[in-house]
Amino acid sequence: MRQNSVRGDRSRRRRRQPDAQELGWDDSLYEDKGVPPDAPGWTPPEGSAVPAGDGAGNGDGPDDGGHRKGGGRPRKGKGRKVLRWTALTVAVVIVGAAGAGYWYYEHLNANLRKAPRSLGGGGLKKPEPNAFGQTPLNILLLGSDGRNSKKDIELGGARQDADRKPLADVEMLLHVSADRSNMSVISIPRDTRVTIPQCTDPKTHEVYKQTTAAINQSLQHGGPGCTLATWQELTGVYIDHFMMVDFSGVVDMADAIGGVPVCVDGNVYSHDSKGHGSGLKLTKGTHSVQGVQALQWLRTRYGFEDNSDIGRTKAQHMYMNSMVRQLKANAKLTNPGELRDLAEAATKALTVDDGLNTVTKLYDLGGDLNRVPTKRITMVTMPWVYSPGGEYVLPKPGDAEQTFALLRSDTALDGKDRKKKPAADPKASTPKGQLEVVVQNGTNSTVNGPASGRAKVVQQQLANLGYGAASTTSVLTSQADTTLTYHGADRRGDALAVAKALGLPKSAVRESSSATGMQLVVGNDWRSGATYPKQQDGGKSADKAPESADALNGEDTKACMKVNPQYTF
């Protein structure tokens with residue numbers, strides 16, 4: 001009988017490893033292992049930190065994973081700040097300051113492991129830039145439980161799983177707003193049941209058919225590019241890049257950084273007679289964890305809250321926030337030797353997509369992230385519910401989609417976006433019959449395929465409403481939400497009139513610097529009918545994450561993990 005990762009106390013058959021037990025990590029198969037954000041993905045100011053957690057800790061085999069519940073050289077000053085944040089930045093500085101030159105730069109580039117960005121077909125349409133030419137940035141941070149090296153086996157236990165394909169037991173999407181004023185991070189429990197689209201392994205060319213399984217299994221379908229495609233299908237969010245680390249990468253990064261403060265509200269020892277636990281042992285209060293102890297913190301499920309993946313995710317969020325705050329305030333990382341260690345650890349720990357394949361690109365990314373103030377960083381867990389049988393997790397109806405929609409519309413999860421006083425809607429200035437609107441079918445879902453003829457149906461409806469100059473394009477695309485884009489503030493009145501005629505909400509009307517005319521993309525939220533379907537919320541868009549997302553602010557220094565009474569001493 002398998003152990004459930006969400007509710008960690010369910011009984012299940014375990015294979016015990018003496019070595020792992022001594023370490024207190026029999027919780028092996030599904031350990032959240034390393035943190036994608038650890039310093040890698042977090043490369044930027046914020047990040048560099050967030051490895052993963054203990055993982056399901058109890059798997060019996062590869063398929064156990066799906067059935068748990070639970071669960072250039074910078075200028076002085078400014079350049080050095082970014083430096084503190086990211087190992088990548090460090091690398092660039094070292095090139096100039098340490099005299100390593102081109103050879104060292106190429107050495108760091110060679111450390112990076114690369115993989116294709118997406119393996120799941122056409123995927124989503126990249127969002128159009130806003131009126132100022134800005135676009136949001138989305139990065140998928142993954143922690144893999146791979147045991148494909150001696151060090152990873154020692155850290156993760158479960159030698160019998162050494163040849164098993166790794167699982168993506170830690171998955172977080174980092175969303176940076178188009179204006180770089182705020183950042184939102186959303187985690188999804190590893191056992192969330194989702195549709196994994198068809199993916200092709202870039203090395204073996206093996207085709208993995210579309211299936212429904214735990215989201216962490218998507219990594220076994222060809223690599224991180226399949227996990228990215230799975231996230232896009234689930235959330236409707238276009239993802240620009242991914243970054244992935246393993247067990248040893250988490251430890252090396254934590255050592256290089258020098259420790260991260262964490263807090264527990266009581267004595268905790270994550271270990272029991274059945275071999276459950278990460279081995280973490282701390283007394284009540286705040287402690288600076290690094291190396292193996294940092295990995296233990298990030299992998300701990302048994303000992304926090306209800307012994308589930310949900311509690312572990314919260315602990316990972318606390319670690320990330322603390323890491324960001326420390327890196328921003330820590331001046332010691334200006335030491336060239338320490339910077340070199342951090343650069344080596346970060347680049348060796350990372351697997352990145354082919355769009356982030358050099359230290360320079362990672363450095364530029366770090367500079368972007370550095371612009372976000374800590375107080376505007378919000379970390380949440382996807383709102384979830386247990387499946388009817390309690391064997392896995394499902395996205396919570398309504399709340400999960402509300403959270404995803406906020407990311408798609410580039411709305412901060414903290415609800416603190418500046419609210420402009422609504423001005424009176426401008427009136428249409430172009431006669432209906434002369435207004436040119438190009439309609440495009442955007443329902444080309446990777447999983448469901450396109451809803452045929454959507455552009456023609458909507459174009460005909462516009463013609464019936466008097467918009468005789470409306471036309472269609474035969475080019476298929478895919479996006480979650482229907483949008484009507486236009487260029488120039490003087491065209492807003494015309495766009496609002498078209499939206500009102502079709503029943504579209506005002507939020508669907510967007511000015512874009514790249515628009516050459518007026519374009520209506522019929523998204524996957526409108527796969528049938530000539531009139532846009534009425535929304536349950538009356539068309540009003542939410543302006544913050546729902547309560548069920550359990551948001552944590554980046555400046556919350558009082559956060560402390562609740563210790564489960566069964567794992568105290």
#### Entry: Short N-O contact, Lys114 and Asp353, less than 4.0 angstrom
no
### Task
Step through the shown structure and confirm whether more than 12 heavy atoms of other residues, nucleotides or ligands are within 6.0 Å of NZ on Lys375.
no
### Query
Which of these, Thr378, Asp410, Thr235, sits in a side-chain hydrogen bond (donor to acceptor under 3.5 Å, both in side chains) with His175?
Asp410
#### Entry: Short N-O contact, Arg180 and Asp368, less than 4.0 angstrom
yes
#### Entry: Glu128 vs Lys125, salt bridge (charged side-chain N to carboxylate O under 4.0 Å, His left out): CA-CA, chis, key distance, verdict
CA-CA 9 Å; Glu128 299 292 337; Lys125 175 184 178 182; 3.4 Å; yes
### Query
Do Asp525 and Tyr532 have side-chain atoms, one donor and one acceptor, less than 3.5 Å apart?
yes
### Query
Ion pair present between Asp417 and Arg376, side-chain N to carboxylate O less than 4.0 angstrom?
yes
### Message
Regarding Thr300 and Gln296, do their side chains bring together a donor and an acceptor under 3.5 Å, going by distance alone?
### Response
no
### Query
With Ser187, which of His317, Lys314, Glu171 fulfils side-chain hydrogen bond (donor to acceptor under 3.5 Å, both in side chains)?
His317
### Query
Are Trp384 and Tyr392 close enough that their ring centers fall under 6.0 Å?
no
#### Entry: Residues Arg408 and Asp481 bridged, charged N to O under 4.0 Å
yes
### Query
Parallel under 30°, tilted from 30 to 60°, perpendicular over 60°: which one fits the rings of Tyr269 and His271?
tilted
### Task
For residues Tyr238 and Pro127, report the shortest heavy-atom separation together with the two atoms involved.
CB-CD, 3.8 Å
### Query
Considering only heavy atoms from C-beta outward, does the side chain of Ile186 approach that of Leu174 to under 4.5 Å?
no
### Query
With under 30° as parallel and over 60° as perpendicular, where do the rings of His276 and Tyr302 fit, or are they tilted in between?
parallel
### Query
So, for Ser445 and Arg527, which heavy atoms are closest and what is the spacing to 0.1 Å?
CB-NH1, 4.2 Å
### Query
Side chains of Thr443 and Asn524: is there a donor and an acceptor less than 3.5 Å apart?
no
### Donor-acceptor contact present, side-chain Asp240 to main-chain Leu137, <3.5 Å
no
